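Predicted, not measured: the structure shown is a model, and the values here were computed from it. Sequential numbering from 1 along the given sequence is applied to the chain's residues.
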Amino acid sequence: MLAARAGRVLASASNRRFAAAARINLMSKRQKTSSGHATEAASNEAALTLHLRGQEHAEKLLSFINYAWTPFHAVEEAARRLVAAGFTPISEREPWSVQPGGRYFFTRNMSTVVAFAVGAKFQPGNGFYMVGAHTDSPCLKLKPVTASSKGGYNMINVETYGGGLWYTWYDRDLGLAGRVLLREDVGATASSNVGGSSLKHRLVKIDRPLMRIPMLAIHLQRDIHTAGFKPNLQTNFAPLIASAAKTQLMAETAPAAATAAAAAAAANTGHRHSPLLLSLLASELGCAPEAIVDFELHLVDVQPGVVGGAHGEFVFTGRLDNLAMSYVALQALVDSCPDVSSLAEETGVRSIALFDHEEVGSESAQGAGGPVMRDTITRVAAALAGGQEGAVERTLRNSFLVSADMAHALHPNYSDKHDPDHQPRMHGGLVIKHNHNQRYATNSVSAALFREVARRHGIPCQEFSVRNDMPCGSTIGPILSSNLGCRTVDCGIAQLSMHSVREQCGTDDVALAYDHLLHFFREFSLLDASLDVDSLPPPSISGTVADTPCCHTH
């Protein structure tokens, strides 16, 4: 009986212990669950904050893109923002007076812009920390002789620029924008050709539906779904601007003076351009048609870019490649040095260069293959060096370039076009591009340093490498890297529909790219000082090779 009672007591104590342990386990599980929910809630809150910031940055990006129809307009808008931020405009044709703590910019051909801010603690030989992007996109440009007529229509002769998805340009409402050269007379008439006649350039933007390239009806190409759509870009791709009958009617009913002025303008240009086109340009510019000497004009889709998607998570617009990276680079630079005091601890030069002609190889006076960036670094380094030996070369060696150009997001309908382990997604941060065949200039050192900037602030980034059975595109990265001899990383926002008349990216990525480049400008000079692969001492090999007896008698 005593044994039985003792057994019941022990059992009861054991049950209490098991119950207590169960309660502790339950409490622990509840705490873990609560902790997990808290972590998840915090993560969701951060994601929602990013979503809202992404939409805000996307709207600011669209205000830039919707104005920047051409590289000329992109540079004009960039210059306006730089002046508003306190940057001093300088001219490549004049001497430079560059000082530590100063902020400056210049334009070349009005289609390339370079801006830089000199650190207050800059020393001769210190580096430039640059972001390079480009202002041009595939488009249609007017040929030197634009006047053309076919089948009762007034047409415009155009040339394809870059590698566009040209079928996307059919059935779009097209406007006209670019640069016009005008004759400005001072005490002389244009016809007299004497006196103080001079030339000036003006930007123009006709943002209403003016032209269209109509698609051929399916009834007249029944095999399009089997044979494919293969238009001849010379004979099947000219835009219509008017019907010949209406043009004649309007000319006959217009005031005689206006008709005579348009005819004189056409004659002044050697009848390369129709009176109709010259009249449209003159009306937009508020000048006489005969004042027009020449122009560089682009056709542009007039539909403005918008934030889209069920949750407002996408940007739908043309020219994302590469005005998105141009905008982010510009805004990050401006916000990294809003005043002189923000450069007080900077030892390098923060810089952006937005180049023209990337889409056609960059080999031009204002392209990345030209001397723009080397000229800039040479002049600034020499001006601040006080005659020190090798100052320019040391600055080049200490410099770092972020080549910022849009990247290919994984396409949900063509996922086999990506390497299975290199599939950048929207909302995943900047894509770091790798190619060992030097189509991109990234290497392990430049990638590690650029990733480290992001890691310190919890900013995600992604990796891209092309499939081995597909060709790889390229950027300004290898061009500038080989020209300047500086370390370079290639990166960009992931997008779909690249080189279409209308492209797509994620709103979050605009904010993430801005954050990444902002911290790059603010912190890279200090981070860069922590790693110099060319100054490492040689490894010690003492004691690693055993002495083998030579068997000789000494």
Side-chain angles (χ1 to χ4, degrees), residues 38-58 60-61 85 117 119 127-133 313 324-339 341-352 399-407 409 424-434 442 444-464 487-494 505-531:
T39 302
E40 183 180 354
S43 177
N44 288 341
E45 184 177 355
L48 181 58
T49 299
L50 175 61
H51 176 70
L52 297 175
R53 286 187 64 239
Q55 290 181 324
E56 180 183 351
H57 278 277
K60 292 177 179 178
L61 165 66
F128 269 63
Y129 303 119
M130 305 169 280
V131 178
E313 70 266 47
M325 296 310 304
S326 293
Y327 164 79
V328 169
L330 171 67
Q331 200 60 46
L333 175 66
V334 167
D335 290 347
S336 78
C337 49
D339 49 41
S341 64
S342 58
L343 295 167
E345 299 301 318
E346 178 60 73
T347 59
V349 179
R350 303 172 186 175
S351 176
I352 62 168
S399 295
F400 190 98
L401 169 70
V402 177
S403 169
D405 203 348
M406 300 295 279
R425 312 292 177 106
M426 290 189 189
H427 317 311
L430 280 174
V431 179
I432 300 177
K433 307 176 188 179
H434 305 260
T442 308
S444 60
V445 173
S446 62
L449 288 169
F450 194 61
R451 279 193 216 101
E452 180 63 15
V453 172
R455 186 197 66 80
R456 294 183 178 190
H457 298 278
I459 302 170
C461 53
Q462 310 179 74
E463 313 292 329
F464 173 75
R487 298 158 299 160
T488 302
V489 62
D490 269 293
C491 69
I493 293 172
C505 75
T507 54
D508 286 8
D509 291 316
V510 182
L512 290 171
Y514 166 80
D515 292 344
H516 202 149
L517 295 186
L518 179 65
H519 291 301
F520 167 78
F521 282 129
R522 285 176 173 172
E523 302 168 15
F524 193 80
S525 56
L526 184 61
L527 170 63
D528 192 32
S530 67
L531 178 62

What are the two closest heavy atoms between Gln462 and Pro424, and how far apart are they? OE1-CA, 3.2 Å

Please answer whether the main-chain N or O of Thr39 pairs with a side-chain N or O of Ser43 as donor and acceptor at a distance below 3.5 Å. no

Ala324 and Leu61 have their tightest heavy-atom pair at CA-CD1, 3.6 Å

Salt bridge check: are Asp515 and Arg53 linked by an N-O gap of less than 4.0 Å? yes

Restricting to non-hydrogen atoms, name the atom on Ala85 and the atom on Val334 that form the minimum distance, rounded to 0.1 Å. CB-CG1, 3.5 Å

Any heavy-atom pair between the side chains of Glu523 and Glu452 that's under 4.5 Å? no

About how many Å separate OG1 of Thr507 and NE2 of His57, when rounded to the nearest 0.5 Å? 11.0 Å

Atom pair CG (Leu401) and OH (Tyr129), whose distance is rounded to the nearest 0.5 Å: 13.0 Å

Quick one, Glu313 with Asp508, criterion side-chain contact (heavy atoms from CB on, under 4.5 Å). Give me CA distance, side-chain angles, the key distance, then yes/no. CA-CA 7 Å; Glu313 70 266 47; Asp508 286 8; 6.0 Å; no

From Cys505 SG over to His427 NE2, what is the distance, rounded to the nearest 0.5 angstrom? 9.5 Å

From CA spacing to verdict: side-chain contact (heavy atoms from CB on, under 4.5 Å), Asp490, Ser403: CA-CA 5 Å; Asp490 269 293; Ser403 169; 2.7 Å; yes

Given the rule in the side-chain contact (heavy atoms from CB on, under 4.5 Å) test, do Val131 and Leu333 qualify, once you have shown the distances and angles that lead to the verdict? CA-CA 9 Å; Val131 178; Leu333 175 66; over 6 Å; no

In terms of heavy-atom contacts, Ala447 and Thr442 come closest through CB-CG2, 3.7 Å

Going through the checks in order, is the side-chain contact (heavy atoms from CB on, under 4.5 Å) test met by Glu45 and Leu48? CA-CA 5 Å; Glu45 184 177 355; Leu48 181 58; 5.7 Å; no

Any side-chain to backbone donor/acceptor pair from Ser326 onto Ala133? Under 3.5 Å, distance only. no

So with a 6.0 Å cut-off around CG of Leu531, is the heavy-atom count from everything else above 12? yes

By the definition side chain to side chain contact (heavy atoms under 4.5 Å, CB included), identify the one residue from Leu430, Leu330, Asp405, Val402 that meets it with Met325. Leu430

Specify the closest pair of heavy atoms between Gly506 and Met426, including all atoms of both residues, with the distance to one decimal. N-SD, 3.6 Å

Atom pair NE2/CZ of His516 and Phe521 - distance to nearest 0.5 Å: 11.5 Å

Nearest heavy-atom neighbours spanning Ala58 and Val510: N-CG1, 4.4 Å

CG on Leu449 to CZ on Phe520, rounded to 0.5 Å: 9.5 Å

What is the distance from atom CZ of Arg455 to atom CZ of Phe450, rounded to the nearest 0.5 Å? 15.0 Å

Residues two or more places apart in sequence or in another chain: which of them pass side-chain hydrogen bond (donor to acceptor under 3.5 Å, both in side chains) with Glu346? Arg350, Ser525

Any donor-acceptor pair under 3.5 Å from Asp509 side chain to Leu512 backbone: no

